[in-house]
Number of protein chains: 2
Amino acid sequence: MSAAKRDALLDVAEALFYRDGFHATGVDAIQAASGIAKTTLYHHFKTKDDLILAVLERAAERARRQLDKLADAGRGRGAARLAAIFDDLRNECQAPGFNGCLFNNAAAEFFSRNPAIVALAQRHNAWIAQLFARILTEEGLNGAIAPAVLALYEGIIALGRVQPVEPALGACTAWLNALAG
Amino acid sequence: MSAAKRDALLDVAEALFYRDGFHATGVDAIQAASGIAKTTLYHHFKTKDDLILAVLERAAERARRQLDKLADAGRGRGAARLAAIFDDLRNECQAPGFNGCLFNNAAAEFFSRNPAIVALAQRHNAWIAQLFARILTEEGLNGAIAPAVLALYEGIIALGRVQPVEPALGACTAWLNALAG
DNA sequence: TGAAAACAATACAGATCAGTAGTTGTTGTG
DNA sequence: CACAACAACTACTGATCTGTATTGTTTTCA
């Protein structure tokens, strides 16, 4: 399978999984939406769970690249470097069809069922926590609060599904700026 | 159906929904685990989604009672009144089988499928935000940060599934205490 | 051009899904 | 005791689930 076709398949699968959930999205729906035959799909992914893992791994890599880019751009700006990452949340949470964090959604659905999926979500969150810690120390701030910053980050994403994010984001960036003062 | 039996049924359904997810939990599994016949179940709940809504509504009432109790107990203690609510999270997140927030999990699974379930999660989060705002103003603090406090609260719950909550909770209560100073 | 792999389409297997019909207890009430 | 209402059980419907077998076509690459 060409890389482009594989990407197209993963695109379709990710969109359906994200919108409708993992258990509620049948392989038939992915087949119908992607045009790729079920036989072919199962030739490249042993099971549906393997496809889900591939979707999640690709999405995690993409998210990490994006976060790295945002973190690099703000280098030397103190707490504003963190605030820039939260600013980016505004766009994502307000995008149509926003349904929270793909990885946390997956972890919730597979909590008692597929440890590999939960572990992937765990690693992804740990990576973000480490990024936050690095940013904080590089900017001369207290790196120990990184876990709390991550909680804020994930909390805003979770709430963004059912609430406007602006109030939380506003108070949050105020906090982050207070860190610098 | 007696109230006790209804409660027992909702207990079983809630436990299965919480552990395995809503779509992954079949009505047959609830029947087998509760001993209540499927006919009876469908006599009292028109559809599976109605059962889910009943489970969520009961759980939301229980959670609100618990939060109200914690909020009342800390009256007059300033930011510590909020910190007490976060302290309670420690126990919940460390309990075996902890799988995040039942309402956010439900909202994620039914986001594109059942607006009533999403709306219930929305109302529950709004209620908590209002509680936090009331506590903050009653304690002479800035009520406008309530949405951010809620984000912290929900973020810790979301992360509690895949991470130890202690670091985030520690930094978080430090923040809350700094609010008082 | 020819061989080999990958592909699509269809049909199917076996299990499970939500939900229902009908019959047999079982229980509470006059 | 007799009656009425509810609950349990079994069995079933039709749909949908993951995953596979089959067959034939297209692509690829030497």
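It should be emphasised that the depicted structure is a prediction, and the values quoted were computed from it without experimental measurement. Basis for what follows: all heavy atoms, side chains included, without hydrogens, waters or symmetry-related copies. Numbers restart at 1 for each chain; the letters A, B, ... are given by sequence-line order, proteins then strands.
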Taking [X] for the side chain and [Y] for the main chain, is one N or O donor matched with an acceptor at less than 3.5 Å?
X: A:Thr25; Y: A:Leu16; result: yes
X: B:Lys48; Y: B:Phe22; result: yes
X: A:Asp88; Y: A:Gln66; result: no
X: B:Tyr18; Y: B:Asn99; result: yes

Full working for side-chain contact (heavy atoms from CB on, under 4.5 Å) between B:Asn104 and A:Asn104:
CA-CA 10 Å; B:Asn104 284 336; A:Asn104 283 336; over 6 Å; no
Parallel, tilted or perpendicular, judged at 30° and 60°: which one describes the rings of B:Phe103 and B:His124?
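B:Phe103 vs B:His124 ring planes: tilted.
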For the pair A:Trp175 and B:Trp175, name the ring-plane relationship: parallel under 30°, tilted 30 to 60°, perpendicular over 60°.
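Judged by the thresholds at 30° and 60°, the geometry between A:Trp175 and B:Trp175 is tilted.
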List in numerical order all residues of residues 6-14 of chain A for which some heavy atom is under 4.0 Å away from an atom belonging to DNA chain C.
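Listed by number, there are none.
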Are any of the side-chain nitrogens in B:Asp28 or B:Lys38 under 4.0 Å away from the carboxylate oxygens of its partner?
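Yes, charged N to carboxylate O under 4.0 Å.
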Derivation of the side-chain contact (heavy atoms from CB on, under 4.5 Å) call for B:Phe17 and B:Asn105:
CA-CA 10 Å; B:Phe17 285 145; B:Asn105 295 354; over 6 Å; no
Return yes when atom CZ of B:Arg90 has more than 12 non-hydrogen atoms of other residues, nucleotides or ligands closer than 6.0 Å, and no otherwise.
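More than 12 within 6.0 Å, yes.
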One character per nucleotide, please: for nucleotides 11-22 of chain D, 5' to 3', B when the base has a protein heavy atom closer than 4.0 Å, S when only the sugar-phosphate does, - otherwise.
------SBBBBB
Which nucleotide span of DNA chain C, 5' end to 3' end, has atoms closer than 4.0 Å to non-hydrogen atoms of chain A?
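For DNA chain C, the relevant span reads C:dC7 to C:dT10.
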